[in-house]
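Below is one structure, written out as structure tokens, with a few remarks after it.
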Amino acid sequence: TKLLRGEAPVVYGDGSQRRDFVHVDDIVAGTVAALTGRPGTYNLGTGRATSVRELADLLTARINRDVEVEYAPEQPGELRNSIADITAARKYLGYHPQGGLDSHLDALIDHIRQTLAEETDG
């Protein structure tokens, strides 16, 4: 949202912390598969790591190349890495996430733009 308003996004820490950014449609598909599949405990995600810095770079490249990311002190207690191990979900549920972060960003950006426009109009 900040980038769409021309403001600098804030990354806490150095941005090397990694996350598994997954689309909600993949979580829904995995949850439905778990309801009807083999009982167990499953991790759902993409199984791929993206650093917060990489995400910030992807967003600024798409939205506003003129804005530079601001870095702030690391948040106490923040996990360095959080990536789902989806091995069991693939094997027992047939879970296969569709696309990656990069393939879903444009739709997310369009949705946020539309929401901001509605807030401004409404």
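The first residue of the sequence shown is numbered 1, and numbering continues consecutively from there. Reckoned from all heavy atoms, side chains included, excluding hydrogens, waters and symmetry mates. Computed from a predicted model, the values in this text were never measured in an experiment.
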What I want to find out is whether Asp102 reaches Arg62 closely enough, with some N-O distance under 4.0 Å, to be called a salt bridge.
yes
Glu68 atom CD: more than 12 heavy-atom contacts under 6.0 Å:
no
Table please: side-chain donor-acceptor pairs of residues 41-49 below 3.5 Å, with sequence neighbours left out.
{"from": "Tyr42", "atom 1": "OH", "to": "Arg38", "atom 2": "O", "distance (Å)": "2.8"}
{"from": "Asn43", "atom 1": "ND2", "to": "Asp85", "atom 2": "O", "distance (Å)": "3.4"}
{"from": "Thr46", "atom 1": "OG1", "to": "Asp20", "atom 2": "OD1", "distance (Å)": "2.5"}
{"from": "Thr46", "atom 1": "OG1", "to": "Arg48", "atom 2": "N", "distance (Å)": "3.0"}
{"from": "Thr46", "atom 1": "OG1", "to": "Arg48", "atom 2": "O", "distance (Å)": "3.4"}
{"from": "Arg48", "atom 1": "NH2", "to": "Gly99", "atom 2": "O", "distance (Å)": "3.1"}

Give me the atom names and distance for the closest heavy-atom approach of Tyr95 to Asp26.
CE1-O, 3.2 Å
Rounded to the nearest 0.5 Å, what's the gap from CG on Leu55 to CZ on Arg19? Could you check?
11.0 Å
What is the distance from atom OG of Ser82 to atom CD of Gln17, rounded to the nearest 0.5 Å?
11.5 Å
Mind checking whether Gln75 and Tyr12 have side chains closer than 4.5 Å, heavy atoms only?
yes
Hey, could you give me the CD/CD1 distance between Gln114 and Ile109, rounded to the nearest 0.5 Å?
14.0 Å
Does Val24 offer a backbone N or O that forms a donor-acceptor pair with the side chain of His104 under 3.5 Å?
no
Scanning both residues in full, the closest heavy-atom pair of Gly6 with Val67 reads O-CG2, 3.8 Å
With heavy-atom distances below 4.5 Å as the criterion, would you say the side chains of Glu70 and Val11 are in contact?
no
Distance-only, no hydrogens or angles: does the Glu54 side chain make a donor-acceptor pair with backbone N or O of Ser51 under 3.5 Å?
yes
Quick check: does any side chain N or O of Glu78 sit under 3.5 Å from a backbone N or O of Pro76, one acting as donor and the other as acceptor?
no
From the list Asn64, Leu59, Ile63, side-chain contact (heavy atoms from CB on, under 4.5 Å) partner of Leu4 resolves to Ile63
Are Ile112 and Leu58 linked, directly or through intermediate hydrophobic residues, by side-chain heavy-atom contacts shorter than 4.5 Å (ILVMFWY only)?
yes
What do the steps show when you test His96 against Ile86 for side chain to side chain contact (heavy atoms under 4.5 Å, CB included), and what is the final call?
CA-CA 9 Å; His96 297 283; Ile86 61 172; over 6 Å; no
Give the intermediate values and the outcome of side chain to side chain contact (heavy atoms under 4.5 Å, CB included) for residues Arg18 and Ile83.
CA-CA 7 Å; Arg18 300 178 315 148; Ile83 300 96; 3.8 Å; yes
Between Arg80 and Asp14, is there a salt bridge with N-O shorter than 4.0 Å?
yes
Does any non-hydrogen side-chain atom of Pro97 lie less than 4.5 Å from one of Arg90?
yes
Do you know the tightest heavy-atom contact between Lys2 and Ala8?
CD-O, 3.4 Å
Least distance between heavy atoms, Leu93 atom then Ala33 atom
CD2-O, 3.6 Å
Is there a path from Phe21 to Leu105 through hydrophobic residues (I, L, V, M, F, W, Y) whose side chains come within less than 4.5 Å of each other?
yes
